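The next block holds one structure in the form of C-alpha cells; read it before the comments.
All values derive from a computational prediction rather than experimental measurement. Hydrogens, waters and symmetry mates play no part in the numbers below; they use all other heavy atoms, side chains included. So you know, we letter chains A, B, ... as the sequences are listed, proteins then strands, and number each from 1.
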Amino acid sequence: MRYEGPRSRRRGHPAQGTDTLARGLGVFSLVLGAAEVLAPRALARALGMQGQEGLIQAYGLREIGTGIGLLASEDPMPWVWGRVAGDALDLATLAAAYDGNPRKDNLLLAVAAVAGVTALDVICADQLTRQTAAPLRHIGNYRGRSGYPNGLKASHGVAKDVEGSEGLLTPDLLKPWAA
Amino acid sequence: MRALVWHGAQDIRCDTVPDPKIEQDRDAIIKVTSCAICGSDLHLYDHFMPGMEKGDIMGHETMGEVVEVGKGAKDALKVGDRVVIPFTIICGECDQCKRGFFSVCERTNRNKHMAAKAFGHTTAGLFGYTHITGGYPGGQAEYLRVPFADKTHIKVPSTLSDEQLLFLSDIFPTGWQAAVQCDIQPTDTVAIWGAGPVGQMAIRSAILLGAKHVVCIDNVPERLEMARAGGASTINFSEESVIERLFQMTAGKGPEKCIDSVGMEAHATATIDAMYDRAKQAVMLESDRPHVLREMIYVCRPAGTLSVPGVYGGLIDKVPMGAFMNKGLTMRTGQTHVNRWTDDLLRRIEEGQIDPSFVITHRVGLEDGPAMYKTFRDKKDGCIKVVIRP
C-alpha cells in the first residue's frame, strides 16, 4: 500500500500508515461515488432532497475522479486536500437542505458521517503535507556489478551445454519446421 | 536460538525460540552460517499469501554446517559437512522426484490436504513458507532442522565463499530454470519483467544461454543499472511504454521469449489494469495482480514462450486467453526444481562463468533482519538483496 514510484516523494517513506490511509480514502471515494452515480434517487429520497438528483450524480463523478487520482497518482497529497475541499462542499450542500427538510434525522446522520470522514481527510492531508519533505537516501552505484568474473563477452553463450533440461524444452515436433 | 519470527502483516521480530531437534530419522540439524531475504518472503511479510501463523520462523535461502544427523541420513551426510539447503524439501523417491520435478514432490508436504484444497494437488514442502506448503520452520535463524536431509541438501566445496554459494538455494536456479525452460535460441530476444534478485539472475542466465538480446523492464533506477551491468537493455515502465519499446526493439515482431519475474504483486498504480486489480484486491474479489502476464501475452511474438518464475498465490482476472490461444503461445511455470540444476550451476560458479554474489547490496546480523525486511520491501537505500549472518 505504498506510493513507491521512482518519482514519488513518498518512496521509501517510513510512515506507511499514512499511505495506507490515503489509499483507503481513495477506495472509499470510488465506492461512495459509484453509489451517488448509480442510485441518486434513493439517496435524494433518504435525505429529503428530492429534485437534486442531478447534483448528487455530479458529486458522485467528483468522488470517482478523486478516488482514481488517489489510487493512480504517485503523490496523494493534492488529491487528499481535494477530498477536504469536496467534504466542505458536501457539508455546505447538506446544511442548505436543512430548512423545511422532511427527513431531518437522516440529514443530520449524513452530516455526522461526512464530518467524521472530513476529520480523517484533514488528518491524512496534514500528515502527508508534513511528511513528504523527507529526503531519500543516496542510492548505490551498481554499474560494475556484471556477475561475470570472466567478463560479459566470455560468458555469452557459454552455457549451451546446459544439463538437466530434459522434458522442459520445446518438443522437437513443435520446433520451427522448414518444408 | 534467535530467529526471525512472523507475528502478522509487516510484523517480523528477532525472537528467542527453542532450538530445533531431530524429529525423524532422515532429519539433520545445520548451524546456519548465511541466509537471505527472498522477494517471495515479502509476500508473507505483506500477508498476501494465506496460511501463515503467528510464531512461524521465516526464511528459505539458507546454508551452513551440519551439526547433527538422524540415523536415516547418515549415509548421505556427516557432522561438519558444508551444505546449501534448497528451498524445496524433497524425498527423492516419489514419482515426481524420480522425474526431476522436485518442486512437486508428493511426500514432503505434511499439510497435503491444505495444498490439495488450494491447488488440486500437493506441492513439495517448503521451508518458512506458509502452512499450505508444510509449515516447516525456516532458515532465518541460528539453526535449522532439515527434514528428508539425506536428499534435501547440496554439498558445497570450501574453496568458494558463502556469498558465492548461498543463492544456489533459490534465486540462482530459479532465474536459471526460468531461462532454460524458454528454450533460448541464438536468434532470440528475451524480455524479462522485474529487475529484482530473480530477474537479475534470469538476465545472467539468458546471457549464459546465448540469447541474442536481453531486455529488462522495471522502474527502479538502481535495479535497471544492475540489469544493464549484466548485459541487458532496459525499459523504465514509468517513463516509456513497455509495449511500444519492445515492438521498436524487435522490428515490430515482439520478443520470442518472455519471463515474468514479478508475480502477484505487480506495481499497483502504473497502469489502468493494475489499478483495476488493486481495487478488486481491496474488496477481496481477486488475490493476485496479473499485469505482467497480460503484457507478456500481448507483446510476445506468436508461437513464443512465456516463463513464469514469479510467484502467484490464487486467483487472477481479465487474462487475455484469446490472445494466448490464437497466438499459439506456450507457458511454463513452477516453483524451482532446485536440485535438478545445482550440480551444473555449482560447476559454472567454480569455472568463473558467473558469480551470483554480484546481487548482494546489504549484509546484516540477525537482529537487523526485521528492519531489512522493511528496507527491502520499500526498495530503500538501493536495496536489492539482503544477506544475513546469524
Side-chain angles (χ1 to χ4, degrees), chain A residues 1-8 10-14 16-17 20 23-24 26-28 30-31 67-68 70-74 76 136-171 174-176, chain B residues 10 99-101 176-177 180-181 183 186 200 204-205 207-211 219-223 225-226 228-231 236 238 267-270 272 275 278-279 282-283 303 305 330 332 337 340-341 343-344 348 351-359 361 374-375 377-382 384:
Chain A
M1 296 290 274
R2 305 302 308 263
Y3 290 88
E4 60 192 12
R7 289 192 299 267
S8 172
R10 302 286 301 163
R11 182 175 166 220
H13 199 287
Q16 189 192 342
T20 306
R23 288 202 176 280
V27 172
F28 175 74
L30 288 179
V31 173
I68 290 173
L70 268 171
L71 295 175
S73 69
E74 293 201 339
L136 293 176
R137 288 183 59 181
H138 173 71
I139 284 174
N141 176 352
Y142 303 138
R143 230 169 280 165
R145 292 183 176 232
S146 79
Y148 310 112
N150 300 333
L152 174 58
K153 271 190 183 168
S155 291
H156 186 240
V158 76
K160 285 170 187 160
D161 57 339
V162 58
E163 293 169 13
S165 60
E166 299 79 8
L168 291 175
L169 304 181
T170 310
L174 289 177
K175 283 190 170 163
Chain B
Q10 288 110 39
R99 296 164 66 208
F101 299 127
W176 180 257
Q177 179 175 305
V180 167
Q181 65 189 9
D183 198 3
Q200 298 289 348
R204 273 73 181 174
S205 300
I207 292 284
L208 292 179
L209 290 163
N219 75 335
V220 182
E222 63 274 15
R223 294 182 175 205
E225 186 176 81
M226 189 182 273
R228 285 191 290 275
N236 184 331
S238 292
H267 198 283
T269 59
I272 297 288
M275 281 156 42
R278 189 67 197 86
V283 291
T305 300
T330 298
R332 291 186 183 276
H337 310 303
R340 184 169 181 142
W341 311 112
D343 287 352
D344 190 28
R348 295 183 193 285
E351 289 177 1
Q353 293 179 18
I354 186 166
D355 177 356
S357 65
F358 76 89
V359 78
T361 56
K374 191 164 167 43
T375 302
R377 195 274 311 271
D378 294 343
K379 305 178 178 76
K380 274 175 67 181
D381 198 28
I384 298 179

With only heavy atoms counted, which part of Gln200(B) is less than 4.5 Å from chain A, the side chain, the backbone, both or neither?
neither

Thr330(B) OG1 to Leu169(A) CG distance, which is reported to the nearest 0.5 Å:
11.5 Å

Go through the structure and list residues passing side-chain contact (heavy atoms from CB on, under 4.5 Å) with Ser146(A), not counting sequence neighbours.
Tyr148(A)

Out of Gly67(A), Gly144(A), Ala159(A), return the one with the most heavy atom pairs under 4.5 angstrom to chain B.
Ala159(A)

Of the non-hydrogen atoms in Asn219(B) and Pro221(B), which two are nearest, and what is the gap between them?
O-CD, 3.4 Å

Which of Ser205(B), Gly230(B), Gly100(B) touches chain A most, by non-hydrogen pairs under 4.5 Å:
Gly230(B)

Go through the structure and list residues passing side-chain contact (heavy atoms from CB on, under 4.5 Å) with Phe28(A), not counting sequence neighbours.
Leu32(A), Arg83(A), Val117(A)

Within the side chain of Ser155(A), is there an N or O that forms a donor-acceptor pair under 3.5 Å with the backbone of Leu208(B)?
no

Spacing of Tyr142(A) atom OH and Glu222(B) atom CD [to the nearest 0.5 Å]:
6.0 Å

Ala303(B) versus chain A, heavy atoms under 4.5 Å apart: side chain, backbone, both or neither?
neither

Measure distances from Arg228(B) to the heavy atoms of chain A and classify the residue's part below 4.5 Å as side chain, backbone, both or neither.
neither

Based on non-hydrogen pairs under 4.5 Å, which of Glu166(A), Lys160(A), Arg145(A) is most in contact with chain B?
Arg145(A)

Most heavy-atom pairs under 4.5 Å with chain A, out of Asp343(B), Thr375(B), Val180(B), belong to Val180(B)

